[in-house]
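Single-structure report; data block below.
All values derive from a computational prediction rather than experimental measurement.
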Amino acid sequence: MASTAASSRASGRAPLLGIGQVLARLQPEFPELTPSKLRFLEEQRLVAPARTAAGYRKFSTADVERITVVLSMQRDHYLPLKVIRSHLEAIDAGETPALPGATSGSDFLGATKRYGRGELIAEAGASTGLLDDAVSASLLPAADHYGEEALGVLRSLVALRAVGIEPRHLRGLRAAAEREAALVERAIAPSRRADAADKARAAERGRELAGHLAAVHSSVVRATLEGRTR
């Protein structure tokens with residue numbers, strides 16, 4: 001261990017990190033991160049740490065940055081890991097793909113951006129009252145910092161308010177979301193065992209099913225609107 005760190009310093013490279021050191025760096029921002037989750041990300045080909053002769057995983061600075069991006073894209077955009085993997089593979093190939101699901105110029109680095117309340121309000125062109133109303137209607141959580149997905153929601157609420165649609169009019173979305181979440185939870189319940197890796201797989205499956213439900217919901221709303229405007 002010590003010789004590995006010494007050789008890294010001698011070669012001018014940053015020393016490689018063990019799983020415990022990676023967790024110490026990232027858990028303050030991602031408290032759900034566990035050794036099993038790191039192994040699951042490797043299993044899903046999202047990170048490829050080096051191995052010592054004894055088989056211990058060793059993570060570079062680039063590995064840690066990549067894990068940060070993956071976890072941020074999950075948290076802020078609720079993207080399935082296979083979508084995140086495709087996005088990162090495109091970047092690895094030298095492409096500059098748009099962030100999946102982004103409505104504007106979000107990119108690879110933008111996936112990790114976080115906004116304080118004031119920054120979120122300013123970026124969305126909203127008011128403090130609108131954010132408070134969104135929180136009251138359970139459309140956004142009460143938090144000190146928000147991600148890109150919250151920015152997209154608040155921007156949409158600004159546009160909706162401009163035509164007289166207020167957050168209080170959308171309270172039914174929360175009830176519908178809770179019913180859909182219950183459907184997903186029942187679907188993945190058989191996969192939830194005590195093993196942390198199984199829980200990570202079940203959570204990933206839940207994200208995929210949530211994406212399918214969102215696609216169906218969006219299609220039904222559009223079709224209903226088109227039917228009423230004919």
Side-chain angles (χ1 to χ4, degrees), residues 26-33 65 68-80 83-84 87 96-185 203 206-229:
L26 297 183
Q27 277 184 333
E29 184 175 0
F30 305 101
E32 76 283 0
L33 185 62
E65 291 174 352
T68 301
V69 170
V70 169
L71 297 176
S72 296
M73 292 177 77
Q74 275 195 312
R75 178 192 62 196
D76 299 340
H77 301 278
Y78 211 68
L79 294 171
V83 173
I84 297 174
H87 182 71
T96 54
L99 183 67
T103 56
S104 59
S106 297
D107 57 18
F108 177 69
L109 296 177
T112 64
K113 186 166 179 58
R114 303 290 284 169
Y115 302 90
R117 280 178 55 90
E119 293 174 313
L120 181 74
I121 290 166
E123 190 73 19
S127 65
T128 301
L130 181 59
L131 177 56
D132 291 341
D133 288 347
V135 171
S136 179
S138 298
L139 302 175
L140 286 173
D144 293 326
H145 292 86
Y146 295 88
E148 293 284 349
E149 184 174 11
L151 175 60
V153 170
L154 193 57
R155 281 174 171 164
S156 294
L157 291 174
V158 169
L160 291 170
R161 170 168 278 184
V163 295
I165 301 176
E166 296 288 341
R168 67 178 182 275
H169 299 144
L170 305 176
R171 288 182 184 275
L173 292 179
R174 170 55 58 181
E178 289 175 352
R179 289 194 297 272
E180 292 174 358
L183 291 174
V184 171
E185 287 176 348
R207 290 187 182 91
E208 292 180 1
L209 294 176
H212 293 316
L213 284 171
V216 172
H217 178 84
S218 178
S219 176
V220 169
V221 170
R222 284 197 300 268
T224 302
L225 182 60
E226 289 172 0
R228 290 182 177 180
T229 56

Measure the CD-CG distance between E32 and L71 for me, rounded to the nearest 0.5 Å. 6.0 Å
So that I can tick it off, tell me whether R114 and D144 are bridged by a salt bridge, with the cut-off set at under 4.0 angstrom between side-chain N and carboxylate O. no
Please report the closest heavy-atom contact between F30 and S72, naming both atoms and the distance. CZ-OG, 3.4 Å
For A126 against V158, the heavy-atom pair lying closest together: CB-CG2, 3.6 Å
For the side chain of S136 and the backbone of D132, is there at least one donor-acceptor N/O pair under 3.5 Å apart? no
Inter-residue atom distance L140.CG - D133.CG, 0.5 Å rounding: 11.0 Å
Any ion pair linking E149 and R75 (charged N to carboxylate O, less than 4.0 Å)? no
Is there a side-chain contact between E208 and V83, using heavy atoms and a 4.5 Å cut-off? no
Does any N or O in the side chain of Y115 come within less than 3.5 Å of the main-chain N or O of I121, such that one atom is a donor and the other an acceptor? no
Q27 side-chain N/O to L33 backbone N/O, donor-acceptor pair under 3.5 Å: yes
Scan residues 211-222 for pairs that pass side-chain hydrogen bond (donor to acceptor under 3.5 Å, both in side chains), counting only residues two or more places apart or in two chains. S218-R222
Between L120 and A150, what is the shortest heavy-atom contact and its length? CD1-C, 4.2 Å
Going from CD on E185 to CD on E178, what distance comes out if it is rounded to the nearest 0.5 angstrom? 10.0 Å
What's the separation between atom CG in L130 and atom CG in L157, rounded to the nearest 0.5 Å? 5.5 Å
